[in-house]
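Each ligand, and each atom within it, is numbered from 1 in the order the structure gives. The first residue in the sequence is number 1, and the count goes up from there.
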Amino acid sequence: MIRTVGVVGAGVMGSDVALDLACYGYEVVLKDISEDVLHQAMEKIKTDFRLLRLVKPQAKQLTVEDVLSRITFTTAYDDFARVQFVIENVTEEWELKKAVFTELSEVCGLQTTYAVNTSCISITKVGSLMPRPENVIGMHFMNPVPMKELVEVIRGEHTSDETVACGEEFLKSFDKVPVVVNDFPGFVTNRVLMLTINECVWTVQDGVAEPKDVDKIFRLGFGHKMGPLATCDLIGLDTILNSLLVLQDSYKDPKFRPCPLLVKMVDAGYLGKKSGKGFFDYSK
Ligand code: NAD
């Protein structure tokens, strides 16, 4: 029975994963690298919870104090020895994830199950770092986590049937709908989504259309709730760039080469919603 969940990385995804779990009564240990980041995560959780209370039945019955009392904010791994399940959400960079999983293997119990929340990184490769690779599974959450039912669950080469079953049961306990797929870079969602977003950036760079019109075409023409460039801003331009680089490296296929405009925007610090500016302006 899972009661306490370790969440590593308190950025866009990790803070929302922690919030969602806390709304369903889980105890969460939320770890990041600095007090500053943890402070920002706490503020984000408070803001997101206020909005969530308006729409999500589980949140309506709670106060912000209830939610925060279920989350331990920490920069250390001390509390990870007692968690049964870990959800890792650090930056989409192999060397960072590798370092985190190596640290986790030293502090967590052998029975711990590990979920890798990644856009494109191989679950098999992460599993191979661990003493029990069969306990490692991919969980690609959708953003914003508390509002999205779908979780793309990735079975790595070593992932056991028990781990898949445990992962599915755990996700269902907080009203997620798991869809299990096999491990190939980008899985289904991001193999397709990253190409679409990147191609939309090319259309902006080539002067074919303004970002607002690119998105309008997808919303009105194809019935998408959100256009690809607004989606890019929501995910984070740095995460999109890192994902394209992982895909390009994995498939050795130039179709994944990042558009120079995307690279330039990341260099300029225009990371999307989290920085206040991306293809659209969020400063107000
Ligand atoms: P983010 O940049 O917002 O947050 C990453 C966090 O990881 C940062 O707060 C950073 O300080 C922290 N971190 C780095 N090294 C760490 C360490 N050693 N220990 C603890 N924390 C550490 O990124 P994000 O958007 O939250 O993405 C996290 C993961 O989720 C990525 O792998 C990404 O591909 C994946 N993902 C993102 C989205 C999205 O929409 N943003 C959607 C699905 C999956």
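- Contacts between T91 and ligand 1 below 4.0 angstrom, taking non-hydrogen atoms only, involve backbone and side chain alike.
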Worked verdict on K125 versus D183 for salt bridge (charged side-chain N to carboxylate O under 4.0 Å, His left out): CA-CA 10 Å; K125 205 165 148 185; D183 190 19; over 6 Å; no
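- Considering backbone and side-chain atoms alike, Y77 places every N or O at 3.5 Å or more from each N or O of ligand 1.
- Of all atoms in ligand 1, numbered sequentially from 1 with element shown, those under 4.0 Å from a heavy atom of V37 are 9 (O).
- Summary of contacts: the protein heavy atom closest to atom 8 (C) of ligand 1 is D32 OD2, 3.5 Å.
- Salt bridge status for K31 with D78: absent, with no side-chain N to carboxylate O gap under 4.0 Å.
- Among the atoms of V100, none of the N or O lies under 3.5 angstrom from an N or O of ligand 1.
- Side chains of S243 and N190: no donor on one and acceptor on the other come within 3.5 Å.
- The ligand atoms of ligand 1 that sit less than 4.0 angstrom from a heavy atom of N143 are 39 (C), 40 (O), 41 (N).
- Taking the ring axis of F141 as reference, the NZ or CZ atom of K148 does not stay both within 45° of it and closer than 6.0 Å to the ring centre.
- Between F170 and I87, the closest side-chain pair of non-hydrogen atoms falls below 4.5 Å.
- At least one side-chain heavy atom of R82 sits less than 4.5 Å from a side-chain heavy atom of V29.
- Checked against a 3.5 angstrom limit, the closest N/O atoms of D238 and ligand 1 fall outside it.
- When side chains are defined from C-beta on, V201 counts as touching L229, because their heavy atoms get closer than 4.5 Å.
- When only non-hydrogen protein atoms are considered, atom 28 (C) of ligand 1 lies nearest to N89 O, 3.1 Å.
- Ion pair E43/K46 flagged as a salt bridge, since at least one NZ, NE, NH1 or NH2 atom sits closer than 4.0 Å to an Asp/Glu carboxylate oxygen.
- Distances below 4.0 Å separate heavy atoms of I235 from the following atoms of ligand 1: 39 (C), 40 (O), 41 (N).
- Looking only at side-chain heavy atoms (C-beta outward), R50 and V64 stay at 4.5 Å or farther from each other.
- Taking every heavy atom of T118 and a limit of under 4.0 angstrom, the matching atoms of ligand 1 come to 32 (O).
- Within the 3.5 Å criterion, the main-chain N or O of G276 finds no donor-acceptor partner in the side chain of S283.
- V153 places none of its side-chain heavy atoms less than 4.5 Å from the side chain of V179.
- Nearest to atom 4 (O) of ligand 1 by heavy atom, out of C120, A99, G236, G11, is G11.
- Between S119 and ligand 1, at least one pair of N/O atoms sits closer than 3.5 Å.
- Looking only at heavy atoms of the protein, atom 16 (C) of ligand 1 is closest to I33 CG2, 3.5 Å.
- In this structure, K274 counts as a contact residue of ligand 1, since one of its heavy atoms falls inside 4.0 Å of the ligand.
- Close contacts between ligand 1 and N117 involve ligand atoms 29 (C), 30 (O), 31 (C), 32 (O), 35 (C), 44 (C) [criterion: under 4.0 Å to a heavy atom].
- At least one N or O atom of V90, backbone or side chain, sits closer than 3.5 Å to an N or O atom of ligand 1.
- In this structure, K97 is part of the shell of residues with a heavy atom less than 4.0 angstrom from ligand 1.
- Atom CD of E169 is surrounded by 12 or fewer heavy atoms from other residues, nucleotides or ligands within 6.0 Å.
- Contact check for E152 versus V188: side-chain heavy atoms found under the 4.5 Å cut-off.
- Distances below 4.0 Å separate heavy atoms of T239 from the following atoms of ligand 1: 25 (O), 33 (C), 34 (O).
- If you check which protein heavy atom lies closest to atom 43 (C) of ligand 1, you get F141 O, 3.1 Å.
- Atoms of ligand 1 found under 4.0 Å from any heavy atom of H140, numbered from 1 in the order shown, are 43 (C), 44 (C).
- Residue V8 has at least one heavy-atom neighbour below 4.0 Å for each of these atoms of ligand 1: 19 (N), 20 (C).
- Here the protein heavy atom with the shortest distance to atom 26 (O) of ligand 1 is M13 N, 2.8 Å.
- Contacts of V12 with ligand 1, taken as heavy-atom pairs under 4.0 Å, involve both backbone and side chain.
- Taking atom 19 (N) of ligand 1 as the reference point, the nearest protein heavy-atom neighbour is K31 NZ, 3.1 Å.
- Salt bridge annotation for K172-D175: absent, with no cationic side-chain nitrogen under 4.0 angstrom from a carboxylate oxygen.
- Considering only heavy atoms from C-beta on, H140 stays 4.5 Å or farther from V181 through its side chain.
- Summary of contacts: the protein heavy atom closest to atom 32 (O) of ligand 1 is E92 OE1, 2.5 Å.
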